[in-house]
Amino acid sequence: MLDAKLLRNDMGAVVEKLARRGFRFDAETFNQLEQQRKDLQVKTEQLQAQRNQSAKAIGKAKAQGEDVQPLLDAVADLGEQLEQAKQAFDQVQHEMDMILASTPNLPHDTTPIGASEDENVEVARWGEPRQFDFEVKDHVALSEARGWYDNEAATKVTSARFSVLKGSMARLQRALTQFMLDTHGFEHGYEEVYVPYIVNQDSLRGTGQLPKFAADLYKIEKHSEHDTSDRDLYLIPTAEVPITNLMRNEIIDEDALPLMYVAHTPCFRSEAGSYGKDVKGLIRQHQFEKVEMVQFVHPDESYAALETLTQHAANILQKLGLPYRMMALCSGDIGFSSAKTYDLEVWLPGQNAYREISSCSNFEDFQSRRMMARFKRGQGKPQLLHTLNGSGLAVGRTLVAVLENYQNADGSITVPEVLRSYMDGIEQI
RNA sequence: GGAGACGUGGCCGAGAGGCUGAAGGCGCUCCCCUGCUAAGGGAGUAUAGGGUUUGUAGCUCUAUCGAGGGUUCGAAUCCCUCCGUCUCCGCCA
């Protein structure tokens, strides 16, 4: 959520920055609402003050045994006036909240300006794609040949875009997960956390998935019909949601910063609107495994933190010996809540292309403001934290990359060295 | 899943329709005192939003006692719904 004060004081800059990401902000409507809000809020609060005063006066008079009736008569219609003012105020406030909740973050000045992913900027490249002296297969051909990947079974059990993995491939995925968690935990200094895979709406609002992207989420209906509360729960689309919301409505001491968490979770995405893309194989699934890093940092540190966080993700690829490139996403391609995002794209021989395997973002205070996630120094005023997160990495896609990059002519797969200790020392599967 | 008890500030804990944004204690911050430590004295110590303002200063208003509704001139206090915690029973990994 953007800072409402910024909208009041510097609307021009907001509109310009949002335009960079192709978002048209209706300043005129907002300004009109803001004017109404101001009037209605002042009016409502004046009436409330008046009510409070007279209630006190009545209390005092009663205590002294005076006749209270004249005082009661004097405030007879105050309640109704207040009710009306309050309703009008709530209505305007609600409209403004809806606008703010649906407005994306401002791109940072270092985010390249562009309309679509075609204008993302490559900022680094690591590793040389391997030269094969045989015809490369993609991960689907490789894994099906070995009986490791059973798409039909998944379709039978659930539906399209789910997977059943078997044998060495299932084990390799688990090895990758362990390797990533251990690397981030032991080498990069993250605290490992285990979190729920089902979250409530407040959490999804906090990180920005709601209200705008409900269609991409799997929703679990509330249990009973006479439950009048706002109780619908959702499967997590990423561990970002439960981890980042750990700090919702919290004020932590500045000395505790930065907080760095890593977790492994499955992720569930209904991916509305992705029909026809990557229909084959593990690239785009409704359920996939991911190791996620989240950082809560001092506002002054967040851009340095974005660089190191991205490096932590890249380090996994380097240890696995997987060639990749690092892209700075342009203003038209960054996510709703992000101010700046780097994507890491891994080389997939089967597709002869680099494909996204990690996305690392700085949200600045956009999520913190929604969540009221703050820190303070000593007795000082609480300030909003900056939040960051990044995949470290998308495990399913890493599995694809390992299969394709480490394939041998006979269809076997060489196990990358760093994974062997997680595979009972096996060198080849 | 059943039955009961309970949710108050950083923590403990009073309050049971009006002068309570909330006693008291602990903790914390600052000042004084003390040769150091300990002890003692004093002051302060929630969050958000609004108005005023060049201002994150000051002044002032509003809201918040698990959440949301209701009753009332007035609600931490009464009523309803929900959420959560604890104890006992059942069930289960």
Side-chain angles (χ1 to χ4, degrees), chain A residues 1-10 30-31 33-97 100-101 194 196-206 220-234 245-256 298-300 365 368-385:
Chain A
M1 193 145 66
L2 298 179
D3 186 357
K5 281 190 186 124
L6 189 66
L7 286 162
R8 280 173 218 152
N9 299 333
D10 202 359
F30 189 86
N31 286 335
L33 285 167
E34 167 60 15
Q35 190 53 52
Q36 289 178 40
R37 186 227 103 227
K38 195 166 163 173
D39 294 345
L40 287 166
Q41 184 164 356
V42 169
K43 187 176 167 193
T44 304
E45 290 185 355
Q46 276 173 352
L47 287 168
Q48 283 171 329
Q50 202 178 324
R51 178 202 62 193
N52 292 345
Q53 268 186 335
S54 46
K56 264 181 193 174
I58 291 169
K60 256 180 200 158
K62 221 172 182 177
Q64 291 168 7
E66 293 170 16
D67 179 17
V68 184
Q69 197 54 46
L71 287 169
L72 287 179
D73 292 342
V75 294
D77 65 334
L78 193 62
E80 189 159 339
Q81 279 183 54
L82 212 169
E83 184 64 26
Q84 278 178 10
K86 183 115 179 40
Q87 256 178 32
F89 173 60
D90 286 347
Q91 164 80 26
V92 168
Q93 189 73 56
H94 178 72
E95 277 179 51
M96 292 180 80
D97 285 348
L100 281 174
Y194 170 81
Y197 303 159
I198 295 176
V199 293
N200 59 33
Q201 300 188 40
D202 285 341
S203 292
L204 288 158
R205 270 191 284 268
I220 299 167
E221 299 292 334
K222 55 187 160 196
H223 305 339
S224 65
E225 283 163 30
H226 41 265
D227 185 343
T228 55
S229 65
D230 207 16
R231 279 276 291 162
D232 291 331
L233 301 174
Y234 296 78
N245 276 281
L246 292 174
M247 283 300 123
R248 176 149 51 85
N249 294 328
E250 298 290 337
I251 301 173
I252 61 160
D253 200 279
E254 185 179 6
D255 294 341
H298 189 285
D300 296 344
D365 61 13
S368 301
R369 185 170 294 106
R370 291 173 162 234
M371 292 193 302
M372 293 301 278
R374 294 166 294 171
F375 71 95
K376 69 175 176 183
R377 187 197 338 246
Q379 305 286 98
K381 279 267 171 230
Q383 290 181 60
L384 293 170
L385 288 161

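Chain A is the first sequence line, chain B the second, and so forth, proteins listed ahead of strands; every chain is numbered from 1.
Across all strands, Arg374(A) comes closer than 4.0 Å only to sugar-phosphate atoms, never to a base (heavy-atom distances).
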Do nucleotides 61-71 of chain B as a string where each nucleotide becomes B, S or -: B if the base has a protein heavy atom under 4.0 Å, S if just the sugar-phosphate does, - if no protein is that close.
-> BSS--------
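With the nearest nucleotide of RNA chain B identified for both Arg8(A) and Lys62(A), Lys62(A) has the one nearer the 5' end. In this structure, Arg37(A) and Leu78(A) both approach RNA chain B, and ranking their closest nucleotides by distance from the 5' end singles out Arg37(A).
Distance noted for atom P between rC12(B) and rC82(B): 27 Å (whole Å). Remark: the separation of the P atoms in rG15(B) and rC31(B) is 38 Å, to the nearest Å. Between the P atoms of rG66(B) and rG55(B), the separation comes to 37 Å (whole Å). For rA23(B) and rC11(B), the P atoms lie 15 Å apart once the distance is rounded to whole Å. Spacing of C1' atoms, rG68(B) relative to rA63(B), comes out at 15 Å, to the nearest Å. Using P as the reference atom, rG13(B) and rU8(B) are 9 Å apart when rounded to the nearest Å. Taking atom P in both rU71(B) and rA16(B), the straight-line distance is 24 Å, to the nearest Å. A distance of about 15 Å separates the C1' atoms of rA14(B) and rG7(B), rounded to the whole Å.
The partner of rC73(B) is rG18(B), judged by Watson-Crick or G-U wobble contacts that both fall below 3.5 Å. rU81(B) is paired with rA67(B) under the criterion used here, namely a Watson-Crick or G-U wobble arrangement in which both key atom distances are under 3.5 Å. With a cut-off of 3.5 Å on both pairing distances, the Watson-Crick or G-U wobble partner of rU87(B) is rA3(B). Pairing for rC36(B) is absent, with no Watson-Crick or G-U wobble pair whose two atom distances lie under 3.5 Å. As the counterpart of rC28(B), rG44(B) is assigned, both hydrogen-bonding distances of the Watson-Crick or G-U wobble pattern falling under 3.5 Å. Under the Watson-Crick and G-U wobble criteria, each requiring two contacts below 3.5 Å, nucleotide rU53(B) is left unpaired.
Atom CD of Gln201(A) and atom P of rC82(B) are 18 Å apart (whole Å). As rounded to whole Å, 15 Å separates atom C1' of rU56(B) from atom CG of Asp365(A). Summarising the geometry, the separation between CG on Asn9(A) and C1' on rG55(B) is reported as 11 Å, rounded to the nearest angstrom. If you measure from atom CD of Gln93(A) to atom C1' of rG50(B), you get 10 Å, rounded to the nearest angstrom. Taking atom NZ of Lys56(A) as the reference point, atom P of rG18(B) lies 13 Å away to the nearest angstrom. The distance between atom NZ of Lys86(A) and atom P of rG50(B), rounded to the nearest whole Å, is 15 Å. In this structure, Leu47(A) places its CG atom 17 Å from P of rG51(B), rounding to the nearest Å. One atom, CD1 of Ile251(A), and another, P of rU45(B), lie 16 Å apart when rounded to the nearest Å.
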Nucleotide N/O to protein N/O under 3.5 Å, stretch nucleotides 7-10 of chain B:
none

Is there a side chain to side chain contact (heavy atoms under 4.5 Å, CB included) between His94(A) and Asp90(A) once you walk through the steps?
-> CA-CA 6 Å; His94(A) 178 72; Asp90(A) 286 347; over 6 Å; no
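Here the options are Arg37(A), Lys38(A), Gln36(A), the test is side-chain hydrogen bond (donor to acceptor under 3.5 Å, both in side chains), and the partner is Glu34(A); only Arg37(A) passes.
Between the side chains of Asn200(A) and Ser203(A), at least one donor-acceptor pair of N or O atoms lies under 3.5 Å. In summary, the side chains of Gln41(A) and Glu45(A) do present a donor paired with an acceptor at a separation below 3.5 Å, with no hydrogens or angles considered.
The pair Lys86(A)-Glu83(A) does not count as a salt bridge, with every side-chain nitrogen at least 4.0 angstrom from each carboxylate oxygen. Salt-bridge check for Glu250(A) with Arg374(A): failed, with every basic side-chain N at 4.0 Å or more from each acidic carboxylate O.
Looking at the side chain of Ala55(A), the nearest of the listed nucleotides rC73(B), rG50(B), rU47(B) is rC73(B). For Pro382(A), the side-chain atoms get nearest to rA48(B) when compared with the rest of rG18(B), rU52(B), rA48(B).
Under the 3.5 Å distance criterion, the side-chain polar atoms of Asn9(A) are matched with a main-chain donor or acceptor of Lys5(A). Counting only distance, with no hydrogens or angles, the side chain of Arg370(A) and the backbone of Ala101(A) share a donor-acceptor pair below 3.5 Å.
Two residues are said to be in side-chain contact when any heavy atoms from C-beta on lie closer than 4.5 Å; Asp3(A) and Leu384(A) fail this criterion.
Within 6.0 Å of atom CZ in Arg8(A), more than 12 heavy atoms from other residues, nucleotides or ligands are found, so the atom counts as buried in its surroundings.
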If you look only at distance, which donor and acceptor atoms sit under 3.5 Å apart when one is on a side chain in residues 46-59 of chain A and the other is two or more places apart or in another chain?
{"residue": "Asn52(A)", "atom": "ND2", "partner": "Gln48(A)", "partner atom": "O", "Å": "3.4"}
{"residue": "Ser54(A)", "atom": "OG", "partner": "Gln50(A)", "partner atom": "O", "Å": "3.0"}
{"residue": "Ser54(A)", "atom": "OG", "partner": "Arg51(A)", "partner atom": "O", "Å": "3.1"}

